[in-house]
Structures are given as C-alpha cells and as structure tokens.
2 protein chains.
Amino acid sequence: MTRPKRATIVDVARMAEVSAKTVSRVVNNEPHVTEAVKTRVREAMRALRYHPNVAAQGLVRSRSYLIGLVYEKPSPSYVVELQKGALERLHGERFRLVVLPVESVTEREEEIIALLRSAALDAVLLAPPASDNAALMRELRDGGIPFARISPTRLLGQGPSVAMDDVAAAQEAAEHLVTLGHTRIGVIKGDPSHAASDARLVGTMQALATAGIALHPELIEAGLFTFDSGLAAARRLLALDPPPSAILAQNDDMAAAAITAARECGLHVPEDLSVVGFDDSDISRVVWPPLTTIRQPVQDMAYRAMDMLLHMLKGEPEQGDVHLAHELMIRRSTAPPRAD
Amino acid sequence: MTRPKRATIVDVARMAEVSAKTVSRVVNNEPHVTEAVKTRVREAMRALRYHPNVAAQGLVRSRSYLIGLVYEKPSPSYVVELQKGALERLHGERFRLVVLPVESVTEREEEIIALLRSAALDAVLLAPPASDNAALMRELRDGGIPFARISPTRLLGQGPSVAMDDVAAAQEAAEHLVTLGHTRIGVIKGDPSHAASDARLVGTMQALATAGIALHPELIEAGLFTFDSGLAAARRLLALDPPPSAILAQNDDMAAAAITAARECGLHVPEDLSVVGFDDSDISRVVWPPLTTIRQPVQDMAYRAMDMLLHMLKGEPEQGDVHLAHELMIRRSTAPPRAD
DNA sequence: TTGTACGCGTTATCAG
DNA sequence: CTGATAACGCGTACAA
C-alpha cells in the first residue's frame with residue numbers, strides 16, 4: 001500500500017551538491033572532508049531523514065550487523081540474565097541481537113546448522129548446551145563466523161569462552177551443608193544434556209567423599225532444570241525412608257520446587273529440610289525462605305562473551321578463556337538438621 | 001583471517017548449466033521450471049552448500065526479514081512469555097526476531113525512533129507501554145512499517161492490537177476477595193507509565209464500589225511491577241493500622257513480594273493475609289502458597305500479534321483488534337479473612 | 001579534497 | 001520454459 005521511498009545516498013548527494021561518495025565519507029566518519037562540506041551534507045541528511053540502507057551496506061561489506069544468541073529451553077530466569085548481559089554490552093553499538101532458541105541442539109544439529117547458515121549472522125553467542133556442540137562450532141569456524149562460548153564443559157580450547165568453575169561451586173555448596181551437620185543429602189540433577197549437571201554432581205560427591213559421607217544412589221534424582229521436573233524429583237526424595245535432611249538442587253527453579261514439595265509434606269524449611277539452589281537468579285529471592293544458592297554471574301558472563309565477540313569482529317585475535325568467580329550466597333533456606 | 005567465499009547463485013548456475021535467473025526461480029519456488037532442471041539445480045545447490053545471501057535479497061526486495069520486539073523493562077516473566085509466543089509463531093518462517101529493550105519510551109522517544117529507522121525492520125511488535133506511544137506509531141505508519149500492538153490502553157483504532165480486558169479482569173479479582181469477605185483491601189499498583197496500571201485500578205474500584213466498600217487512599221500503594229518495588233509497597237501496607245486483610249497486586253512479581261513481606265511480619269498467607277496477583281506467570285506457581293491470579297494470556301497475545309504482522313507482511317489488509325479472554329485462577333493464596 | 005567506474009548477490013523485466 | 005540485462009544502495013579502487 002504505502003511505500004514512501006526512503007531517501008538514498010544519491011538524494012542526499014544531490015541536495016548537498018556533492019557526489020555520493022562524499023556523502024558516504026561523511027556517514028562513515030572518514031577523513032579528508034572539509035568541515036563546510038561535512039555540515040552541508042549533514043544538513044541534507046537531516047532534511048531528508050536519511051538513514052543508510054543496512055542491506056546495501058551489508059552487501060558490499062559482507063556484514064549483517066546481526067549477532068545471534070543460541071540457547072536451549074533453559075529456565076526463564078537464565079535466559080533473561082543472558083539477554084540482559086548481552087544487550088547491555090551491545091548498547092550503543094551498531095549490532096543487533098537475534099534470539100535463536102532451539103529445541104535440542106544434539107537432536108537437530110543439521111537443522112540448526114542450516115538455520116545459522118541462512119541467518120547471515122556476523123557472530124554467535126553459544127549458551128549451554130550449544131556451547132558444547134562440536135559440529136556447531138566446526139560449522140561456525142568453517143564459515144569464518146566468530147563465536148564465543150558460555151559455560152562450556154567439554155572441548156575446551158576449541159573457542160574462546162567465559163565460564164565459572166561448576167565443580168568447585170558445587171563442592172562449596174555441599175561443604176556448606178556438611179558444615180551445618182547434614183549427612184543425608186539429596187541431589188536433584190539438571191538436564192543430562194547440559195554437561196554442567198555432571199560437573200556439579202562431581203563437585204558434590206567430592207565434598208561428601210572428603211567428609212566421609214556416602215551418597216547413596218537413591219539420593220540422586222534426575223531433573224531437567226525446570227520447576228515441574230524439580231517438584232517431581234523432590235517428592236520422590238522426600239518419600240524416601242528416611243528422607244534427606246537437605247536437598248541440593250542444581251538450579252534455583254528446582255530448589256524452589258523442593259521448597260514447595262516440602263510444604264506439601266508439612267515440612268518446614270529450613271528447620272526440617274535445608275535447600276540449596278544454584279544460579280542466584282531472581283527466583284532465589286522471590287521464594288520464601290530466600291534461597292541459599294551459588295551466585296553464577298550469568299549476566300556478567302554474557303557481557304564478557306559479547307565483548308569478546310565485538311573485539312573479534314574488529315579483527316583482533318581471539319582471546320583465551322575467561323573464568324568468572326562464583327560465590328556462595330548464604331540466605332535462609334539452610335540450617336543445621338533437627339537433632340533427632 | 002579465514003574467508004571461505006560462500007557459493008553464490010552464479011556458482012550454482014554454472015554447475016547446473018543454467019542461468020542465474022533459473023536458479024533464482026528454483027530457490028523461490030516459482031513456476032515454469034522443468035522438473036529435470038529443478039532437480040539438477042537442487043543438486044548443485046546441495047553440492048555447493050548454497051544459501052541465498054539475505055543482504056542481496058533484502059536489497060532488491062527491500063526486505064530485511066527482521067521483525068523487532070520493543071519492550072520496556074517489565075518483569076522477567078513477562079518478557080519471557082512475550083518472546084515465547086512471538087518465536088513460536090515465527091517457527092518455520094524466514095523472519096527472525098530482533099529484541100529491542102528500551103529504557104523509557106516516553107523519555108527517549110527520539111532515540112528510539114532513530115533506532116527503528118536505522119534498524120531496517122520489516123515489522124514491529126509493540127509491547128506496553130510502547131504500544132501506547134503515539135509518536136512511535138506515527139513514525140512506523142509514515143515509514144510504511146506494519147506494526148501490531150500488545151495490550152494497548154489508549155489511542156485504540158490506531159493500529160491492530162491484541163489485548164485483554166484489564167478493567168474486567170481486575171474487577172473479577174477484586175470481586176473474588178469481596179466474596180471471601182474482605183473489606184479492607186490493599187492495592188499495589190504497577191508502573192504508572194504503563195496504562196494497564198490505571199485500568200486495573202479502575203476495575204478494582206468498580207468492584208469495591210459495587211460492594212459498597214470504600215477504598216481509602218492509604219490503601220493504594222505505588223509499585224513498578226518489580227519484586228523490590230512490590231516488597232517496599234507491601235511493607236508500607238502491612239504497617240498500616242489496621243493492616244489490610246488482603247492485598248491485590250497488579251502483577252505476580254509484586255504479589256510474590258507481598259507474600260514475602262507478610263512472612264517478615266510473621267503473618268501467614270492466606271490465613272492472616274490473602275494475596276492476589278496478575279499475569280499467571282511462572283512465578284505464581286513457584287512461590288508458596290501458589291498465587292491466586294488473573295491468567296493473562298501473554299504468550300497467546302504475542303503469538304496472535306505476530307500472526308497479524310505476518311499477514312500484513314503478505315500484503316493482506318490490517319486486521320481489527322482482537323480480545324483474548326482472561327481467567328481468574330484461584331489457588332491457595334486467598335481465603336476468608338480471620339474472624340476478629 | 002573530491003569524484004567516477006565498478007562490483008557486491010539477487011530479482012524483475014522483457015525478450016527469445 | 002529459459003536467459004540477458006538492468007537495477008537495488010552502497011563502498012572500494014583509482015583518478016582527477
């Protein structure tokens with residue numbers, strides 16, 4: 001219907017009585033342009049409400065000014081933090097963020113690779129578990145598309161990454177429970193396709209082994225990082241005889257579910273059951289009692305990863321891997337076990 | 001460094017021994033191509049791993065295949081739902097979603113308009129309060145860029161929209177409390193720049209007026225749709241003498257905060273204080289007790305709005321406004337007031 | 001300091 | 001049914 005043709009660089013040139021190339025120079029802040037000409041061109045641009053055509057620029061520069069963020073149905077809070085960090089770094093830059101949530105990286109590798117190929121991305125941010133996918137990374141590398149990995153757990157050195165130490169963090173969380181006097185500790189694992197789940201389990205087991213505490217298989221329940229999966233897992237744990245006196249959930253969503261499950265059983269947190277989460281997402285302060293959890297600086301990680309990408313886009317060499325510190329946030333969901 | 005030139009349409013043409021235009025026809029599923037030629041071209045495309053260059057296509061078709069989603073720091077749960085719905089509809093389509101969170105639409109109108117102009121978006125999804133911004137809509141209309149509005153409250157008829165009835169929903173929520181026997185009801189308002197805040201207040205007042213209950217000004221507290229703002233507001237409300245026996249928060253984040261504030265005061269929910277939320281976001285089931293709330297079909301709304309956009313992009317006429325039904329979800333955060 | 005010719009990869013037009 | 005040619009809007013190389 002309405003197609004008010006946008007002004008082009010030629011229109012501006014005509015109005016300012018210069019050549020198109022000169023306008024181009026002004027637009028791109030190139031040197032060798034008289035101040036007088038510059039202002040004349042700028043006025044014309046304003047008058048015509050001129051904005052460069054991104055498609056045309058992209059065609060000649062082979063740049064799309066698009067950066068993709070690939071992630072896979074993690075908890076909402078994680079996604080939000082991720083986007084916040086990435087967008088914060090992008091503020092003021094020309095690049096825009098395209099969100100690419102995918103069903104299952106491992107199951108539909110081909111489909112996702114095709115998606116990336118046709119999406120014309122200048123760079124890609126890989127969140128777990130996509131950050132562990134070899135085929136994906138190979139494809140990006142072959143295509144000459146810079147990428148940064150967030151919290152990878154395998155194939156380190158295959159690409160710049162930002163991560164925290166999952167093993168050490170889980171260990172610290174478990175030690176906290178041990179120090180409080182817990183000996184029967186239940187674990188709710190995260191999505192098995194996220195390698196972080198195993199890393200966190202390893203850390204937990206190390207802490208318990210050091211303390212001489214056995215972790216019976218029945219005390220390890222499978223979850224998927226979602227509230228519902230956590231609820232089911234927590235119910236199974238609490239149905240055990242005897243039930244654990246503490247539950248270590250591998251993310252906050254599942255920890256919140258553990259609190260809910262406890263309430264269903266008439267149990268008080270932390271008096272009857274201590275609960276530890278992971279991530280320090282918004283949810284950790286929304287529930288009651290507020291969660292003792294591991295602060296995983298997701299937003300900072302995304303910010304740093306995006307920063308790496310921007311540097312690479314400027315032609316600078318790949319940076320190495322960055323490790324960000326975690327922190328045990330002790331709040332009110334943990335306490336010594338009831339003296340029986 | 002590495003720049004393995006991608007195959008172009010000409011490469012494919014050469015390999016399949018046809019002209020570039022014929023390849024183009026195959027790519028775009030245009031008629032008038034022999035099956036034999038078609039398969040020959042397809043094979044060449046596969047062999048060369050050919051993917052059309054989006055920038056070049058965009059240049060000739062004046063399309064970017066980018067759809068923007070404009071929103072303003074609302075609660076994380078709202079953003080997630082919004083994106084889910086929009087992306088769900090986009091699945092399988094060529095268009096990609098660019099997220100455009102903005103600081104404050106009203107304060108930085110100019111900046112945002114410039115952003116839109118330079119972003120080369122084919123269409124835009126406006127979430128509140130951007131969906132109420134006249135300047136923004138004028139700009140889009142002038143630019144011939146289709147847009148759809150989510151939950152607008154003013155300037156209706158200025159553009160296709162998807163909404164729910166905030167007044168009726170708030171009324172229903174308040175009636176629920178009245179029916180339970182509450183007469184001293186506190187309200188935590190949302191961000192004043194979101195017109196929904198006023199609409200919901202109006203609905204609440206209508207319900208109370210009908211029941212002959214006075215809503216004292218001291219019972220109306222300001223919030224910003226965030227947990228923290230809700231916490232502060234709820235604390236003020238509970239410090240009143242006498243405190244309200246029920247709190248109606250204008251979204252779930254703030255309702256969750258009200259529960260936390262109640263716990264701080266040693267109050268039990270719902271025995272000592274009933275709490276009603278708004279949105280039925282994830283958070284409503286994560287907290288304890290699970291929130292009685294108004295189910296606002298945010299995901300469906302985003303899906304429908306995106307659907308409208310896609311239709312308009314195909315040249316079909318603008319659709320009218322769509323209303324989606326809300327639903328009062330009665331859960332465990334509300335009960336009759338304690339008999340004094 | 002400024003301008004000209006050309007090419008980026010694709011599609012539309014209009015012949016053949 | 002198929003192909004040659006021009007155009008989309010801009011940047012690069014090279015002149016002037």
Side-chain angles (χ1 to χ4, degrees), chain A residues 3-42 44-45 48-66 94 117-120 122 143-144 315, chain B residues 3-42 44-45 48-66 94 117-120 122 143-144 315:
Chain A
R3 59 195 115 166
K5 270 167 197 144
R6 282 175 48 167
T8 76
I9 204 169
V10 180
D11 300 322
V12 178
R14 192 156 28 215
M15 183 175 224
E17 296 180 306
V18 292
S19 78
K21 176 62 217 186
T22 299
V23 177
S24 172
R25 278 194 254 268
V26 175
V27 170
N28 299 300
N29 285 314
E30 286 172 37
H32 309 307
V33 185
T34 324
E35 269 311 315
V37 176
K38 242 184 222 171
T39 52
R40 193 140 47 87
V41 171
R42 293 234 169 84
M45 296 201 315
L48 264 26
R49 311 198 66 183
Y50 169 76
H51 281 266
N53 181 315
V54 186
Q57 287 185 321
L59 188 54
V60 294
R61 296 205 266 226
S62 42
R63 274 268 165 109
S64 64
Y65 297 100
L66 257 28
R94 284 202 61 179
R117 288 186 72 84
S118 59
D122 285 346
Chain B
R3 58 195 118 164
K5 270 166 199 145
R6 281 176 51 165
T8 77
I9 203 170
V10 179
D11 299 324
V12 178
R14 192 157 28 216
M15 183 173 223
E17 296 180 305
V18 293
S19 77
K21 176 65 212 183
T22 299
V23 176
S24 172
R25 279 193 254 268
V26 175
V27 170
N28 298 299
N29 285 315
E30 286 172 38
H32 310 308
V33 185
T34 325
E35 268 313 315
V37 175
K38 240 185 226 172
T39 50
R40 195 142 43 89
V41 171
R42 292 232 170 86
M45 295 201 315
L48 263 27
R49 310 199 65 184
Y50 170 75
H51 282 265
N53 180 315
V54 187
Q57 287 184 321
L59 187 54
V60 294
R61 299 204 264 224
S62 43
R63 275 268 166 105
S64 65
Y65 296 99
L66 256 28
R94 287 204 57 180
R117 288 187 72 85
S118 60
D122 285 346

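If you're wondering where the values come from, they're calculated on a predicted model, not measured in any experiment. All values below come from the heavy atoms of this structure, side chains included, with hydrogens, waters and symmetry mates left out. The sequence lines fix the lettering, A, B, ..., with proteins before strands; numbering per chain opens at 1.
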Exercise for review: Grab the two heavy atoms, one from A:Ala16 and one from A:Ala44, that are nearest each other, plus how far apart they are.
Suggested key: CB-CB, 4.0 Å

Revision key, fill the gap. For B:Pro52 and B:Val27, the nearest pair of non-hydrogen atoms, with its separation, is CG-CG1, 4.0 Å

Interatomic spacing from [atom1] in [X] to [atom2] in [Y] - rounded to 0.5 Å:
X: B:Arg49; Y: B:Asp11; atom1: CZ; atom2: CG; value: 14.5 Å
X: B:Leu59; Y: A:Gln57; atom1: CG; atom2: CD; value: 11.0 Å
X: A:Met45; Y: A:His51; atom1: CE; atom2: NE2; value: 8.5 Å
X: B:Lys21; Y: B:Glu30; atom1: NZ; atom2: CD; value: 4.5 Å

Using a cut-off of strictly less than 4.0 Å, decide whether [X] has a side-chain nitrogen or oxygen near OP1 or OP2 of [N].
X: A:Thr22; N: C:dG3; result: yes
X: B:Tyr65; N: C:dT10; result: no
X: B:Ser19; N: D:dG3; result: yes
X: B:Asn28; N: C:dT11; result: yes
X: B:Ser62; N: D:dC8; result: no
X: A:Gln57; N: D:dG11; result: yes

Please report the distance, rounded to the nearest Å, between [atom1] in [X] and [atom2] in [N].
X: B:Asn29; N: C:dT11; atom1: CG; atom2: P; answer: 12 Å
X: A:Arg14; N: C:dG3; atom1: CZ; atom2: P; answer: 14 Å
X: B:Leu59; N: C:dG7; atom1: CG; atom2: P; answer: 17 Å
X: A:His32; N: C:dT1; atom1: NE2; atom2: C1'; answer: 8 Å
X: A:Arg40; N: C:dG3; atom1: CZ; atom2: P; answer: 9 Å
X: B:Glu35; N: D:dC1; atom1: CD; atom2: P; answer: 11 Å
X: A:Asn53; N: C:dT10; atom1: CG; atom2: P; answer: 16 Å

Check your understanding: Heavy atoms under 4.0 Å, any strand shown: does B:Val27 hit a base, just sugar-phosphate, or nothing?
Key -> nothing

Check your understanding: Quantified as the angle between the terminal helix axes (five pairs each), what is the overall bend of the helix from C:dT1-D:dA16 to C:dG16-D:dC1 to 10 degrees?
Key -> 30°

**Study point:** A:Thr34 side chain to A:Ala36 backbone, donor-acceptor under 3.5 Å
**Key:** no

Exercise for review: Tell me, with the steps shown, if A:Arg94 and A:Arg63 meet side chain to side chain contact (heavy atoms under 4.5 Å, CB included).
Suggested key: CA-CA 11 Å; A:Arg94 284 202 61 179; A:Arg63 274 268 165 109; over 6 Å; no

Check your understanding: What nucleotide among D:dT2, C:dT10, D:dC10 has an atom nearest to a side-chain atom of A:Pro52?
Key -> D:dC10

**Study point:** Passing option when B:Ile9 is tested against B:Val26, B:Val23, B:Thr22 for side chain to side chain contact (heavy atoms under 4.5 Å, CB included)
**Key:** B:Val23

Set out, line by line, the N/O atom pairs under 3.5 Å between protein and nucleotides 12-16 of chain C.
residue: C:dA12; atom: N7; partner: B:Lys21; partner atom: NZ; Å: 3.1

Check your understanding: So, do A:Arg25 and A:Lys38 sit near enough that their side-chain heavy atoms are less than 4.5 Å apart?
Key -> no

